[in-house]
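Working notes, beginning with the structure itself.
All figures in this text were calculated on a predicted structure; none of them were measured in a lab. Start at 1 and go down the list; that is how both ligands and their atoms are numbered.
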Amino acid sequence: MILVTGGAGYIGSHTVLVLLEAGYEVVVYDNLCNGSREAVRRVETLSGKRVAFEQGDIRDRARLDEVLGRYPIEAAIHFAGLKAVGESMVKPLEYFDNNVAGSTHLLQAMADAGVFKIVFSSSATVYGDPGTPVFSEEMPTGTPTNNYGYTKLVVEELLKKLQAADPRWRVALLRYFNPVGAHESGTIGEDPAGEPNNLLPYIAQVAVGKREQLRVFGDDYPTADGTCLRDYIHVMDLAEGHVRALDALARIDGVGIWNLGGGRGHSVLEMIDAFARASGREIPYVVAPRRAGDLAQFWADPSKAKHELDWQTRRGLEEMMQDTWRWQSQNPDGYR
Ligand code: NAD
Ligand code: WQD
């Protein structure tokens, strides 16, 4: 059985679905601060299978012990944490507490329960600004431009040091690029609370009429159309990458680090255009000043995951947009 922390959230819920389809049994552990019980119910409907749901916080050691004691857990996929870049600059303590202290509590509870396999949600942000747009796992990590990114780097380092000290640990560090999209059914997807921080949820809310216009943060970058390029990855491809990484823990020694991205960049204007085509809606936008901390362009070198996990992205921009639109138009208020 797989413990999925943060399994009621965006990437977690899609991964739970893929795990169930691959034949795994799943316990979701989530405090619901940014996730939804309804997402887990819909995953059960989609898969026709049951998910054990345990509401709890990863900082609550007693509750973790209880859950780890109740189920025959063989590994954890650890999504739980806070992820809003801007908020992390205003509330550093909350971010280090949830993401770093939460992870240490989880790891202690796992070790005491004899569970030594973990897949961790990391981020391309750990590369910092390496001065080249293609990020590969061989490159050293850099200085993240925000506190959120620091928490990911700290937990990566913690996991490496833990594994070095105790070789029973097997660790997958998955560095996501820019997750977007939704399950093709349109019944599960990303449900941001309040104003979206990320590009695609913002575009989708403009398309559905919830927001007036998008602000494009800078059109004077040294790129073809002047807007930033990112490596957008369909959340179902990302979810499949987790199951491949989990399977790989059985055969790797120590720590595996894998980029999960598609290996090419799309600009903000391309994203607007593609979404307008998929939705048949106009996306009004204005050009605004650059956003602090944004790099002009980066994308994954995805070859390591291809060779070692036999994984690569299968879904292109059109599917990312169509699936986001299906989710957004069928659920204009998310899970509420
Ligand atoms: P999300 O907010 O939808 O999911 C996170 C889940 O964790 C939520 O359901 C939330 O309720 C839960 N959670 C938060 N703090 C918790 C705590 N202390 N105890 C228990 N549960 C807690 O976010 P997501 O986009 O699905 O991201 C999942 C993971 O992937 C996060 O660790 C995030 O940092 C990482 N990540 C996300 C992106 C992205 O762009 N979405 C990119 C790189 C990495
Ligand atoms: C994408 C592009 C913006 C909103 C962040 C985190 C990263 C990871 C993924 C983690 C940029 C532009 C955006 C808007 C815009 N998160 N934009 N108008 O910044 O690449 O990555 O999310 O868990 O760690 O840093 O993603 O979606 O915010 O921005 O023009 O209203 O869209 O400037 O070029 P980003 P994003």
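Remark: minimum distance from atom 6 (C) of ligand 2 to any protein heavy atom is reached at Val85 CG2, 3.8 Å. Nearest non-hydrogen protein atom to atom 26 (O) of ligand 2 is Asn178 ND2, 3.1 Å. Distance from atom 27 (O) of ligand 1 to its nearest protein heavy atom, with residue and atom name: Ile11 CD1, 3.8 Å. Atom 34 (O) of ligand 2 has Cys228 CB, 3.0 Å as its closest protein atom, hydrogens excluded (heavy atom only). At the top of the distance list for atom 20 (O) of ligand 2, counting protein heavy atoms only, stands Arg230 NE, 2.6 Å. Remark: minimum distance from atom 18 (N) of ligand 2 to any protein heavy atom is reached at Arg215 O, 2.6 Å.
Only backbone heavy atoms of Ser122 (N, CA, C or O) come within less than 4.0 Å of ligand 1; its side chain stays farther off. Only backbone heavy atoms of Leu32 (N, CA, C or O) come within less than 4.0 Å of ligand 1; its side chain stays farther off. Within the 4.0 Å heavy-atom criterion, the part of Asn98 lying near ligand 1 is the side chain and not the backbone.
Ring centers of Trp299 and Tyr127: at least 6.0 Å apart, outside the cut-off.
Ligand 2 has no N or O atom lying under 3.5 Å from any N or O atom of Thr125, backbone or side chain.
Contact atoms of ligand 2 toward Ser123: 24 (O) (distance under 4.0 Å to a heavy atom of the residue). Which parts of ligand 2 touch Val216 is read off a 4.0 Å heavy-atom cut-off, strictly below it: atoms 30 (O). Against a heavy-atom cut-off of under 4.0 Å, Asn197 is close to the following atoms of ligand 2: 28 (O).
Ion pair Arg63/Glu54 flagged as a salt bridge, since at least one NZ, NE, NH1 or NH2 atom sits closer than 4.0 Å to an Asp/Glu carboxylate oxygen.
Proximity annotation for atom 35 (C) of ligand 1: of Tyr29, Phe79, Tyr148, Tyr95, Tyr148 comes nearest, heavy atoms only. Distances from atom 2 (C) of ligand 2 to the heavy atoms of Phe177, Tyr232, Phe217 put Tyr232 nearest.
Both Val155 and Ile257 belong to a common hydrophobic cluster when Ile, Leu, Val, Met, Phe, Trp and Tyr are linked at side-chain heavy-atom distances under 4.5 angstrom.
A cation-pi contact links Arg37 to Phe53, judged by a cut-off of 6.0 Å to the six-membered ring centre and 45° from its axis.
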